[in-house]
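This report refers to the structure that appears directly beneath it.
Throughout, numbering of the chain's residues begins at 1 and tracks the sequence.
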Amino acid sequence: MGLFLFRLKHYLKYLFYAVGPHSLHSPFLFDLFNKVIKPSKGFRIQNVEELRSLLKSDHRIIDLYDLKSQSNYRKTISSVAKTSLSTPKFSAFLHLLINYLKIETVVESGTSFGINSLYMAGPETVKRVITIEASPIISAIAKEQFSKLLQYKIEIKEGTVQDTFESIIVKEQPQLCFIDADHRSNAIEFCINTTLTQNPTVKCIVIHDIYWSPDMLLIWKKLISDGRFNLTIDIFQAGLLFPNMEMPKQHFVLRF
């Protein structure tokens with residue numbers, strides 16, 4: 001109940017401060033709202049959404065391992081899909097953002113069942129999506145989804161973020177990073193610092209679930225004030241960092 005009330009409190013606060021396009025004077029932000037945020041509500045990739053529906057009705061039982069508690073547990077694929085997959089609206093947002101920024105290479109930490117990976121691989125500009133997943137069974141199920149759509153652009157790297165992220169960033173030099181694997185501040189800081197150190201020309205870093213916990217909100221507030229990011233954007237479901245924008249330092253809370 002504690003986390004529920006925490007998230008509800010901050011969601012209401014977000015709704016109070018969030019603004020629409022009429023409050024945006026920057027052409028970049030005005031276009032971002034109208035070409036990415038606003039159309040996310042209705043944009044869908046139908047064959048990917050069919051896979052999402054199948055996952056939510058798949059009652060196969062899988063054995064999983066919790067890295068934090070170092071314990072094994074069993075769940076159905078449907079129960080994992082219902083709790084861990086992003087909303088269709090957010091998946092659409094990732095697709096439209098990547099298309100708007102003309103991204104060629106994406107690195108994602110936290111594959112889950114691969115629905116977001118498929119959305120991010122959709123834009124014509126995208127050549128590669130490299131996605132990191134620590135769980136072999138989750139990775140195998142994601143690969144099933146990719147094979148159904150013959151999605152040749154996506155490559156899964158199995159392993160923890162701590163073991164794989166830096167080498168992938170060094171090799172791939174992605175224009176966009178989507179961080180969604182480990183909802184702890186030290187993991188977020190590791191990914192951010194690694195990306196900026198090893199890939200200084202990155203266009204955008206997207207951090208999912210910035211209101212997941214007090215710890216996540218704390219690191220998000222720290223990043224808002226970080227001088228390495230001239231532009232930061234809060235859409236509640238995620239925070240966006242733009243490290244190479246030529247503009248005075250600004251932070252926006254946008255209605256999503």
Side-chain angles (χ1 to χ4, degrees), residues 20-21 24-48 86 88-111 114-132 146 149-157 165 168-180 191-192 194-208 223 228-235 237-252 254-256:
L24 304 175
H25 304 294
S26 160
F28 173 81
L29 287 167
F30 187 80
D31 278 353
L32 180 74
F33 193 96
N34 286 296
K35 294 180 179 179
V36 179
I37 293 176
K38 186 176 179 180
S40 296
K41 184 177 180 180
F43 179 86
R44 300 292 181 269
I45 301 178
Q46 192 56 42
N47 52 7
V48 181
S86 299
K89 182 180 179 181
F90 187 75
S91 297
F93 167 79
L94 290 172
H95 174 101
L96 294 168
L97 176 67
I98 286 167
N99 187 61
Y100 175 63
L101 296 176
K102 296 180 171 58
I103 301 297
E104 293 185 2
T105 305
V106 178
V107 167
E108 173 190 32
S109 70
T111 311
I115 298 300
N116 282 336
S117 307
L118 287 164
Y119 264 88
M120 291 190 291
E124 291 184 6
T125 59
V126 173
K127 296 178 180 177
R128 276 171 65 73
V129 174
I130 302 89
T131 181
I132 303 166
F146 302 153
L149 297 184
L150 302 176
Q151 188 44 260
Y152 61 91
K153 295 182 182 180
I154 303 173
E155 180 181 358
I156 295 185
K157 298 287 188 179
F165 190 78
I168 292 171
I169 294 296
V170 170
K171 179 183 177 183
E172 302 295 341
Q173 296 291 291
Q175 290 87 41
L176 184 139
C177 290
F178 175 44
I179 300 172
D180 190 30
C191 290
I192 297 295
T194 299
T195 299
L196 295 181
T197 302
Q198 303 296 341
N199 183 28
T201 60
V202 64
K203 288 184 178 181
C204 182
I205 302 170
V206 180
I207 305 170
H208 203 200
L223 290 168
R228 294 175 295 179
F229 307 107
N230 284 345
L231 175 62
T232 54
I233 297 174
D234 179 345
I235 61 166
Q237 290 192 37
L240 281 66
L241 307 172
F242 293 87
N244 293 300
M245 292 292 289
E246 295 184 2
M247 62 190 305
K249 185 168 178 57
Q250 297 179 77
H251 174 68
F252 292 89
L254 299 185
R255 188 166 61 243
F256 179 62

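Annotation for E104 and Q175: closest pair N-OE1, 2.9 Å, computed over non-hydrogen atoms. Of all non-hydrogen atoms in R44 and P88, the two that sit nearest each other are NE-CB, 3.3 Å. When all heavy atoms of E155 and R128 are compared, the closest pair comes out as OE1-NH2, 2.9 Å. Closest approach of Q198 and Q173 over heavy atoms only: O-NE2, 2.8 Å. Across I98 and T125, no two heavy atoms sit closer than the pair O-OG1, 4.3 Å. Smallest separation of non-hydrogen atoms from L24 and L29: CD1-O, 3.6 Å.
Relative orientation of the F242 and F28 rings is perpendicular, given thresholds of 30° and 60° on the angle between their planes.
With contacts defined as side-chain heavy-atom distances shorter than 4.5 Å, the pair I207/L223 qualifies. At a threshold of 4.5 Å between non-hydrogen side-chain atoms, the residues P243 and V202 count as touching. Residues I169 and T197 fail the side-chain proximity criterion, which asks for heavy atoms closer than 4.5 Å.
The CZ atom of R228 lies 10.0 Å from the NZ atom of K249; values are rounded to the nearest 0.5 Å. Interatomic distance, T131 OG1 to D180 CG, rounded to the nearest 0.5 Å: 9.0 Å. For the atom pair CG (L176) and CG (L101), the distance works out to 7.0 Å, reported to the nearest 0.5 Å. Atom CG of residue L32 and atom CG of residue L254 lie 7.0 Å apart, to the nearest 0.5 angstrom. Remark: F229 CZ to H251 NE2 distance equals 13.0 Å, nearest 0.5 Å. Atom-to-atom distance recorded for I132:CD1 and C191:SG is 7.5 Å, nearest 0.5 angstrom.
Side chain of K153 to backbone of V126: a donor-acceptor contact under 3.5 angstrom is found. Between the side chain of N34 and the main chain of P21, no donor-acceptor pair closer than 3.5 Å is present. At distances below 3.5 Å, at least one donor-acceptor pair connects side-chain atoms of N230 with backbone N or O atoms of M247. Within the 3.5 Å criterion, the main-chain N or O of V36 finds no donor-acceptor partner in the side chain of N99.
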Could you check L149 against V48 for side chain to side chain contact (heavy atoms under 4.5 Å, CB included), going step by step and ending with a plain yes or no? CA-CA 8 Å; L149 297 184; V48 181; 3.8 Å; yes
Working for side chain to side chain contact (heavy atoms under 4.5 Å, CB included), residues T111 and F146: CA-CA 11 Å; T111 311; F146 302 153; 4.3 Å; yes
Go through it in stages, so that I can follow the logic: the residues are T195 and F165, the test is side chain to side chain contact (heavy atoms under 4.5 Å, CB included), and I'd like the CA-CA distance, side-chain angles, deciding distance and then a yes or no. CA-CA 9 Å; T195 299; F165 190 78; 3.4 Å; yes
Test side chain to side chain contact (heavy atoms under 4.5 Å, CB included) on L97 and L240 and set out the steps. CA-CA 10 Å; L97 176 67; L240 281 66; 4.2 Å; yes
Kindly list each side-chain donor-acceptor pair under 3.5 angstrom involving residues 114-121, sequence neighbours excluded, with atom names and distances?
residue, atom, partner, partner atom, Å
N116, OD1, S91, OG, 2.7
N116, ND2, S86, OG, 2.8
S117, OG, E108, OE1, 2.5
Y119, OH, I45, N, 3.0
Y119, OH, E49, OE2, 2.6

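The environment of K38 atom NZ is sparse: at most 12 non-hydrogen atoms of other residues, nucleotides or ligands sit within 6.0 angstrom.
For an aromatic pair to be called close, the ring centres must be under 6.0 Å apart, and F93 with Y100 fails this.
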